[in-house]
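Taking it in order: structure first as structure tokens, then the write-up.
Numbered from 1 within each chain, the chains take letters A, B, ... in sequence-line order.
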Amino acid sequence: MPELPEVEVVRLGLAEHVTGRTVAAVEVRHPRSVRRHLAGELDFAARLAGRQIRAARRRGKYLWLDLGGEQALLAHLGMSGQMRIQEPGSIDETHLRVRLQFTDGGTELRFIDQRTFGGLSVEDVVDGLPIPVTHIARDPLDPCFDPDAVIAGIRQRRTALKRALLDQTLVSGIGNIYADEALWRARLHGARLTATLTRAQGRAVLTAVTEVMTEALAAGGTSFDALYVNINGASGYFDRSLAAYGQDGRPCPRCGTAIRRDAFMNRSSHTCPRCQPRPRHPHP
DNA sequence: CCGAAAACCTGAACGC
DNA sequence: TGCGTTCAGGTTTTCG
């Protein structure tokens, strides 16, 4: 489940179901899912056995289970990763990649990932962050998120606004859905050059990001199919509230003009041609 | 520094 | 029914 609200839904579920439990055994069913654990899958399993999970944390789209001792089980869900809590002995999912069992003999934690772009690793924690997360910027739901600093960073770039929003080292957690939704809410076009963005417009788009993510989280995230589900396998329903993403041909909820889809950055961008006119000096 | 493209995968949807 | 194409909520690397 990719973007911040979906990852946060998973984090909340993990916090409820695995905090305080001690890992008994780890089964790696697909080596690719632990490829970022450079010491290999045997080392991965050995480093988890006997460890107690203290907390479930997140920054942007990265998720980790605090193991104490300045180590953590780090997860990135990639495009299709899921975390599921299941009864021991229940049927293995088709794309089950990693299984964690606990010393209490209760439910097990499963990492399921169709496309295997995601993965797990055990990482050292420095200043509260697993090493691979240290280059990731704070996300809009972080209590220490500093919008003015992010706006300054965006304005210093020489690129298009949407590209900046998707840059996880500037502000994290934003993916293609919430970038399009926030730009629509702020009435800005993603091809707008960051250098020409006013501070007020920067503030508007970051406010829109925060609001749309908060609303999506309250709805349990965005899900179009069974690939994006919470730890119990349930889908969120924010897809019903999307104004732009995936709405090509449908009327803009604000003005009724048909939403259009264009190729941008090797993916799709959805805009209202009336509310979000293409900038005159577009080319990034 | 910036951007484009490819790479890493599987499966669903669609056109013929 | 089957085959080829295109597309998908991401990140990283490589090459100009």
Could you go through residues 116-123 of chain A and list every donor-acceptor pair under 3.5 Å that involves a side-chain atom there, pairing it with any protein atom two or more places apart or in another chain?
residue	atom	partner	partner atom	Å
A/T116	OG1	A/R32	NE	2.8
A/S121	OG	A/E123	OE2	2.7

Under 3.5 Å, side-chain donor or acceptor atoms of residues 243-255 of chain A against the rest of the protein: list the pairs with distances, not counting sequence neighbours.
residue	atom	partner	partner atom	Å
A/Q247	NE2	A/Y245	O	2.9
A/R254	NH1	A/W184	O	3.1
A/R254	NH2	A/W184	O	2.9

Tell me which donor-acceptor pairs under 3.5 Å the side chains of residues 39-48 of chain A have, and how far apart each pair is, sequence neighbours excluded?
residue	atom	partner	partner atom	Å
A/D43	OD1	A/R47	NE	3.4
A/D43	OD2	A/H37	NE2	2.7
A/D43	OD2	A/R47	NE	2.7

Intra- and interstrand pairs of DNA chain C - dot-bracket, Watson-Crick/G-U under 3.5 Å, | marks other strand: .|||||||.|||||||
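Alongside A/L74, the hydrophobic cluster contains A/Y62, A/W64, A/L129, A/V133, A/I136 (criterion: ILVMFWY side chains under 4.5 Å). Other residues sharing a hydrophobic cluster with A/L96 under the 4.5 Å side-chain heavy-atom criterion for ILVMFWY residues are A/I112. Chaining together hydrophobic side chains whose heavy atoms lie under 4.5 Å apart places A/V126 alongside A/I131.
In terms of the salt bridge (Lys or Arg N to Asp or Glu O under 4.0 Å) criterion, residue partners of A/D139 (sequence neighbours excluded) are, by chain and number, A/R58. Applying the salt bridge (Lys or Arg N to Asp or Glu O under 4.0 Å) criterion to A/D66, with sequence neighbours excluded, gives A/R57. Partners of A/R36 according to the salt bridge (Lys or Arg N to Asp or Glu O under 4.0 Å) rule, which considers only residues two or more places apart in sequence or in another chain, do not exist here.
Taking the nucleotide of DNA chain B with the nearest heavy atom to each of A/M265 and A/R32, the more 5' of the two is matched to A/M265.
Seen from the ring of A/F102, A/R21 counts as a face-on cation partner, given the 6.0 Å and 45° thresholds.
Residues from residues 113-123 of chain A that place a heavy atom under 4.0 Å from any atom of DNA chain C, listed by number: A/R115, A/F117.
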Protein N or O to nucleotides 14-16 of chain C N or O, pairs below 3.5 Å:
none

